Amino acid sequence: MTAAPVIGRLSIFPLPGALLFPGMHLPLHIFEPRYRAMVSDAMARDRRIGMIQPMGTGGDATALYDIGCVGKIAEVEALDDGRYNLVLEGVALFRVVRELDVTTPFRQVEAVMLPAPGDDMLSLGRRSSLELESRRFADAQGYAVDWDAVGRLDDESLVNGIAQIAPFDSAAKQALLEAQDIETRAELIIQLMQFFGRHDGEDKVTLQ
């Protein structure tokens, strides 16, 4: 068995509720000084940033989930006041090996890249169920959706796009990120949307 490639060091952006999947794009507005420093460092090296969720809200020392996604800066706009507007393109999922002891204001980890799942296709029944449940969910929440454009998406873009933007809590989002394939991820999205529909007064779906 071939060992997963180790990333020597990876600067991380711990952001609750923010997912990035390989091949998908995530716009970010960077304003905190430590993360402005992170962007400057990434631009001087390999343009890579690790998007990962913290497990809580305990400040800089908050524990991290094990799995995140390496994003490459595909677009960058440097503003006059030092802030940045970025678009990250997902490269690959990674697993944290250990957090590094660093002097930079931003956190860094050693990580291994995870292999891409082999099957990126949904069964016809799962695709149909996902689109139907998504329509119900969007109607209930008052979202305006271009369903013709949605119907033209390939399975992977459809599933991962919903997972990125859905208003679920951090634990639920992490479960989506760690799903073993898109068929499993699609089924979990359907379950979460159905649960949300029964708990309409809550801001976010909570996965226990």
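Computed from a prediction, not measured in an experiment: that's the story for all the values here.
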Handout entry: side-chain contact (heavy atoms from CB on, under 4.5 Å) evaluation trace for Val87 with Leu26
Key = CA-CA 5 Å; Val87 176; Leu26 179 67; over 6 Å; no
Problem - Trace of the side-chain contact (heavy atoms from CB on, under 4.5 Å) decision for Leu88 with His25 - result: CA-CA 5 Å; Leu88 287 186; His25 293 86; over 6 Å; no
Practice task
Output, in order, the C-alpha distance, side-chain angles, deciding distance and verdict of side-chain contact (heavy atoms from CB on, under 4.5 Å) for Leu124 and Arg127.
Solution key: CA-CA 5 Å; Leu124 291 178; Arg127 170 91 188 204; 5.7 Å; no
Practice task
Walk me through it: do Glu99 and Gln108 pass the test side-chain contact (heavy atoms from CB on, under 4.5 Å)?
Solution key: CA-CA 6 Å; Glu99 184 157 0; Gln108 299 181 53; over 6 Å; no
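Residues Tyr143 and Pro167 have side chains in contact (heavy-atom distance under 4.5 Å, counting atoms from C-beta outward). No side-chain heavy atom of Val150 sits under 4.5 Å from any side-chain heavy atom of Asp146. Between Met193 and Arg136 there is no side-chain heavy-atom pair separated by less than 4.5 Å. For the pair Met121 and Asp154, the minimum side-chain heavy-atom distance is 4.5 Å or more. Looking at Tyr84 and Arg36, their side chains come closer than 4.5 Å, going by heavy atoms from C-beta outward. Within the 4.5 Å cutoff, no side-chain heavy atoms of Leu86 are placed close to those of Glu75. Residues Val91 and Pro22 have side chains not in contact (no heavy-atom distance under 4.5 Å, counting atoms from C-beta outward). Between Gln164 and Leu20, some side-chain heavy-atom pair lies under the 4.5 Å cut-off.
Taken from CZ in Phe13 to CD1 in Ile49, the straight-line distance is 8.0 Å, to the nearest 0.5 Å. Here CD of Glu156 is found 9.5 Å from CZ of Phe21. Values are rounded to the nearest 0.5 Å. Taking CD of Glu133 as the reference point, atom OG of Ser128 lies at 11.0 Å (rounded to 0.5 Å). To the nearest 0.5 angstrom, Glu77 atom CD is 12.5 Å from Ile30 atom CD1. The CG atom of Leu122 lies 4.0 Å from the CG atom of Asp155; values are rounded to the nearest 0.5 Å. To the nearest 0.5 Å, atom CG of residue Leu176 and atom OG1 of residue Thr184 are 11.0 Å apart.
Applying the salt bridge (Lys or Arg N to Asp or Glu O under 4.0 Å) test to pairs two or more places apart or on separate chains, none has a residue in residues 11-25.
In this structure, the side chain of Ser129 engages the main chain of Gly125 through a donor-acceptor pair within 3.5 Å. The closest donor-acceptor contact from the side chain of Arg185 to the backbone of Leu177 lies under 3.5 Å. Asn85 places no side-chain N or O within donor-acceptor distance of the main-chain N or O of His29, the cut-off being under 3.5 Å. Judged by distance alone, with hydrogens and angles left aside, the side-chain atoms of Gln174 form a donor-acceptor pair with the main-chain N or O of Ile67 at under 3.5 Å.
Salt bridge absent: Arg9 and Glu110 never bring a charged side-chain N and a carboxylate O closer than 4.0 Å. Classification of Glu89 and Lys72 as a salt-bridged pair fails, no side-chain N sitting under 4.0 Å from a carboxylate O. A salt bridge is absent between Glu131 and Arg135: the closest approach of a Lys/Arg side-chain nitrogen to an acidic carboxylate oxygen does not fall below 4.0 angstrom. A salt bridge does not link Asp169 with Lys173: every distance from a Lys NZ or Arg NE/NH1/NH2 to an Asp or Glu carboxylate oxygen is 4.0 Å or more.
In the displayed structure, Phe31 atom CZ is contacted under 6.0 Å by at most 12 heavy atoms of other residues, nucleotides or ligands.
A single hydrophobic cluster is seen to contain both Leu153 and Phe137, as judged by linkage of ILVMFWY side chains at heavy-atom distances under 4.5 Å, directly or through other members. Grouping the Ile, Leu, Val, Met, Phe, Trp and Tyr side chains by contacts below 4.5 angstrom, directly or via other members, places Met38 with Met43. Side-chain heavy atoms closer than 4.5 Å link hydrophobic residues (I, L, V, M, F, W, Y) into clusters, and following such links, even through other members, never connects Val39 to Leu79.
Remark: Asp46 engages Arg48 in a side chain to side chain contact (heavy atoms under 4.5 Å, CB included) (not counting sequence neighbours). Residues passing the salt bridge (charged side-chain N to carboxylate O under 4.0 Å, His left out) test with Arg47, sequence neighbours excluded: none.
In this structure, Met55 and Thr62 approach most closely via the heavy-atom pair N-CG2, 3.9 Å. Of all heavy-atom pairs spanning Leu28 and Met51, the tightest one is CD1-SD, 3.9 Å. Across all their heavy atoms, Ile190 and Leu130 have their closest contact at CD1-N, 3.7 Å. Across all their heavy atoms, Pro54 and Leu15 have their closest contact at CD-N, 3.5 Å. The heavy-atom pair separating Ser170 from Pro16 by the smallest distance is OG-CB, 3.6 Å. In terms of heavy-atom proximity, Gly50 sits nearest to Phe94 at CA-CE2, 3.8 Å.
Aromatic rings from Phe106 and Tyr35 are positioned such that their centres are separated by 6.0 Å or more.
Of the candidates Val96, Leu100, Val102, Val96 is the only one forming a side chain to side chain contact (heavy atoms under 4.5 Å, CB included) with Val109.
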